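This report refers to the structure that appears directly beneath it.
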Protein chains: 2
Amino acid sequence: MTLDQLRIFVEVAEHGHVTRAAESLGMSQSAASAAIASLEGSCEIILFDRVGRGIRLTDNGRIFLREARAVLDRASMARSVLQDLAGHPGPIGIAASQTIATYWLPRRLATFQAANSRMRFNVVIRNTNEVETAIVEGEANIGLVEGPTQHPALIRQLIDHDKIVLVVSSEQPRLPLNKNGRLDLRVMKWVVRETGSGTRRGLEDLAARVGLSVNDLNIALELPSNEAVREAIEAGAGATIISRHVVASAIAAGRLTEIPIELPQREYAMVRHRDRHATLAEKALVAHLTEATSQPVSLELSENSLKVAP
Amino acid sequence: MTLDQLRIFVEVAEHGHVTRAAESLGMSQSAASAAIASLEGSCEIILFDRVGRGIRLTDNGRIFLREARAVLDRASMARSVLQDLAGHPGPIGIAASQTIATYWLPRRLATFQAANSRMRFNVVIRNTNEVETAIVEGEANIGLVEGPTQHPALIRQLIDHDKIVLVVSSEQPRLPLNKNGRLDLRVMKWVVRETGSGTRRGLEDLAARVGLSVNDLNIALELPSNEAVREAIEAGAGATIISRHVVASAIAAGRLTEIPIELPQREYAMVRHRDRHATLAEKALVAHLTEATSQPVSLELSENSLKVAP
DNA sequence: TGTTTTTAATCGATATAATCGATGAAATAG
DNA sequence: CTATTTCATCGATTATATCGATTAAAAACA
């Protein structure tokens, strides 16, 4: 069993196709075919069913695929450590939430890049839940999330705070206030991000803190990006709670109106894998991203409703 | 970077010696030397200092050694999964505490082996702490321990209970009872197993439950095996708390005397790695070892002393 | 100091294994 | 029925790993 065989096996399994896998690996079809045959022969096991003129993973193959991936992941980690030690750092994988990747990360990465021109980054946008798994699985080195994280294998560092705001379209700023002149979350129409995103979580947390469950809220629209949500709100689809960065210019331009209630600040956190070796490059980036974090602010809440500032 | 290169690198690093590593791998010295050179050349990094006529790992080499080991571990896991799927199960690694390995495991393994003659086992004796790390590190597939375990990556199943007893030499059964006719742990001379063993832990727990720390106890002798402890007690070295299995025949033969106090039953538990693929053979063994566990029994305790049964 | 032994690197030769291009066989599409 | 797709196989080629022998350097020993 060699790493090459595993690499070929995984590629073939993922493509479901010997020829295309071979292409994508830059080798001949016969070489790929031979590698699979040799892997199967070495343990007298069948990993692919030859069905028709194609192939399909057997159940055994599917089980072994997980193992093969794990070995390759570990090997690529080892390789990147080696290259880092040799002073040829590979790209640093960063998985960040939409809000952070769009409004927080770019300028910090730019200043860091300016000072460390040889370093390269590989930034992917994932919602908070997906970032968590990306770090645990080793798909990325550094994760940047808004909400809380659960996994015990993660170390978490606070890196910043974000003010979130409640906004509605400027064309229909009629607020459903209750008899006490307070804002009732239940009678508003909400436009939200998908479950698992930090932005969505912001609303869920707020609801929970005034004694409501998510089911009590009237979710009118669920959209997959901050900008999509903003567009919907501008079109009058309802209200949302979102990072001030996303809506600052729309508010300034008068297209959106911010409802002046006190909302909790949200934490931006960096998560990394507890047991994974951090390359020198990674350590430098971590240091750069963690410097100068601001302080959180508390929030006063009451039953099912929120005080609107005078 | 190939698995062979990593294997050779690890072997050389562990031996600190190219020639001996090559021997132990069954290859020529020149082949091993070339493999190292190729590994170093591929990333332009120096893993060994050539000092005198020997070699020594560099700091970089030491860091990479961890990675290399991790890759090889993962690879050997993958290989064993493959062989298992092919119906050629490799030996199942079992790490068990002394007491369990000696008095509990043999007959269960014997009955299992009788019904599954093709299966092989690789049993090592470790104390409870060492078993925990063996499972976490993947050195063994199944762990059998007496005490509690901490690591979140472990799944734990109760498999049995063990009665532990307090014994002294029959030649000096004078018990240091206090004025209430109760047994004071502090004035006894104890013979114990090493820290980290379940047997030692039994005494520590008992002390804690009557409000004492281990430092309050008079530890006369610390010995590395149950039988060594028993021999010491028989020679009149003091008292100990130990599994009834270890001392049953000595009590029956009149060489040891059991002090009739109520002691808590101790749990035998099986621990396995949460994320690791269990082979078919392993699943069968787990099923066999977990069937028919008995029920625990509570214990009544009071301040610093123990009631001796009439 | 000179000699022997130990050790890792190197070199040329050889064996092993991977890869290629071509071909065949089987299945599908038109 | 033909053309095409796709994987397996075969022989030739190439690359690479390994070997045995040798060298160079260091250490041990006399």
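The model shown is predicted, which means the values in this text are computed figures rather than measured ones. Order of the sequence lines fixes the chain letters, A, B, ..., with proteins taken first and strands second; residue numbering starts at 1 for each chain.
Both B:I8 and B:V51 sit near DNA chain D, but only B:I8 has its closest nucleotide nearer the 5' end. DNA chain D is contacted by both B:Q29 and B:S38; B:S38 maps to the nucleotide lying nearer its 5′ end (nearest heavy atom per residue). Between A:G52 and A:A34, the one whose closest nucleotide on DNA chain C sits nearer the 5' end is A:A34.
Rounded to an integer number of Å, the gap from CD of A:Q5 to P of C:dT19 is 9 Å. At whole-Å resolution of the value, CZ in B:R7 and P in D:dT18 are 11 Å apart. Rounding to whole angstrom units, CE of residue A:M27 and C1' of C:dA18 are separated by 8 Å. Between B:L3 atom CG and C:dA17 atom C1' the separation is 16 Å, expressed in whole Å. Nucleotide D:dC7 holds its C1' atom 14 Å from the CD atom of A:E23, rounded to whole Å. Separating the CD1 atom of A:I55 from the C1' atom of C:dA26 is a distance of 15 Å, rounded to the nearest angstrom. Whole-Å rounding puts the B:L57 CG to C:dA8 P distance at 13 Å. Summarising the geometry, the separation between CE on B:M1 and C1' on D:dT16 is reported as 18 Å, rounded to the nearest angstrom.
The residues A:E67 and B:R79 are annotated as not salt-bridged, no charged nitrogen and carboxylate oxygen being separated by less than 4.0 angstrom. Salt-bridge formation is detected for the pair B:R69/B:E14: a Lys NZ or Arg NE/NH1/NH2 atom is positioned less than 4.0 Å from an Asp or Glu carboxylate oxygen. Ion pair A:R20/A:E11 not flagged as a salt bridge, since none of the NZ, NE, NH1 or NH2 atoms sits closer than 4.0 Å to an Asp/Glu carboxylate oxygen. Ion pair A:E146/A:R126 not flagged as a salt bridge, since none of the NZ, NE, NH1 or NH2 atoms sits closer than 4.0 Å to an Asp/Glu carboxylate oxygen.
Nearest to the side-chain atoms of B:S33 among the listed nucleotides C:dT10, C:dT19, D:dT5 stands C:dT10. Candidate nucleotides D:dT18, C:dA9, D:dT9 were compared by shortest atom distance to the side chain of B:R50, and C:dA9 ranks first. Set against C:dT5, C:dA9, D:dC19, the side chain of B:R53 has C:dT5 as its closest nucleotide.
In this structure, the side chain of A:R276 engages the main chain of A:V136 through a donor-acceptor pair within 3.5 Å.
When the shell of 6.0 Å around CD1 of A:I219 is examined, it contains more than 12 heavy atoms from other residues, nucleotides or ligands.
Within a heavy-atom distance below 4.0 Å of DNA chain D, no residue of residues 12-22 of chain B is found.
Closest non-hydrogen pair, A:L72 versus A:L3, comes out as CD2-O, 3.9 Å.
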